[in-house]
Amino acid sequence: MTSAPTRHARPAGEFDPMDLVLTALGHLVTGVLTAVLVALWWALLFPMVSLPIGAALTAGVLLGWPAGVAVAVVGFGGLALWMATSPKSFRRWVTDRARVRFLRWFRYRRRWACMLTACGLTEGDAHALYVPRLRSVTIGDHFDRARVRMLPGQSPEDYHTRVVRLAHAFGARECRAIDAGPALVELVFRHGDSLAEPIALPADAWRTLARHRKTRKDAA
């Protein structure tokens, strides 16, 4: 009579090195794929920058590195000429758009669930964590506006009582919560002081002010 093979259970707390390797490999592949998708998305959003880079790489592969360098010099020289001749349009289409998209992710989306949990605005049980959905973010020069869909049972008052926590959590000087409609609240974060920066007046404004002062002086 043959005995059945004995199965040995792995001691509790013991890890299989192969499991660790496969887990690390999975995280690496996921990170690389995410980075590639983000790079492709940014390339589509900013073709004025991605096209010169793509053209330079293509020329370098097909025609050799001197051709790639030449194409890169021409492409980025055109960007530099655009920035020098029309700085306002360059900021509008390149730098401001990149700044807004980066700050939207860096300030809010990348840590939204963590920060709202720390501020006591999430709900959860043993199976899931429920986080108010961040519907939109508008980045301004000094004020950011985040529109949030509240969880069932929440009200704007729940956010009013936590504006100080929210301001500190998201690195803002001040936060205000505004009722934005059914199940919606708008969080206004102040990151700068609009009155702290000098405002450049046009030349005709100074002339108008001088004439006004002269008129008042003559009338006196």
Residue pair R149 / L184, side-chain heavy-atom distance below 4.5 Å: yes
Value rounded to 0.5 Å, distance of OH in Y130 from CG in L151: 10.0 Å
Nearest-0.5 Å distance, CG of residue L166 to CG of residue L116: 6.5 Å
Value rounded to 0.5 Å, distance of CG in L187 from CZ in R162: 12.0 Å
Geometric cation-pi criterion, R104 with F106: 6.0 Å, 45°: no
Single-linkage hydrophobic cluster L57~L79, side-chain heavy atoms < 4.5 angstrom: yes
Linked, directly or transitively: V69 and V71 (ILVMFWY side chains, under 4.5 Å): no
Contact check, side chains of P132 and M150, non-hydrogen atoms, under 4.5 Å: no
H191/F189 under side-chain contact (heavy atoms from CB on, under 4.5 Å): CA gap, chis, key distance, verdict: CA-CA 6 Å; H191 287 276; F189 295 95; 3.8 Å; yes
Straight-line distance of T117 OG1 to R111 CZ, nearest 0.5 Å: 13.0 Å
Linked, directly or transitively: V61 and V74 (ILVMFWY side chains, under 4.5 Å): no
Common cluster, W105/L103, ILVMFWY with side-chain heavy-atom separation under 4.5 Å: yes
Ring pair (Phe, Tyr, Trp, His ring centres under 6.0 Å) contacts touching residues 52-85 (sequence neighbours left out): W82-F90
Heavy-atom side-chain proximity of R135 to V148 below 4.5 angstrom: no
Student check: side-chain heavy atoms of T122 and L129 closer than 4.5 Å: yes
Atom of A177, atom of V185 and distance for their closest heavy-atom approach: CB-CG2, 4.1 Å
R92 versus R97, closest heavy-atom pair with distance: O-CG, 3.3 Å
Aromatic contact, F170 with Y108 (centres under 6.0 Å): yes
F102 side, atom CZ; R107 side, atom CZ - distance, nearest 0.5 Å: 9.5 Å
Side chain proximity check, R176 to V163, heavy atoms < 4.5 angstrom: no
Distance, nearest 0.5 Å, that separates CG of L121 from CE of M115: 12.0 Å
Residue pair R109 / L134: nearest heavy atoms and the distance that separates them: NH1-O, 3.8 Å
Minimum heavy-atom distance between P52 and G75, given as atom pair plus value: CB-CA, 4.0 Å
Check: V137 and R145 side chains under 4.5 Å, non-hydrogen atoms: no
Expected output: side-chain D96 to main-chain R99 donor-acceptor under 3.5 Å: no
Any H160 side-chain heavy atom under 4.5 Å of S155 side chain: no
Sub-4.5 Å side-chain heavy-atom contact between Y159 and C175: no
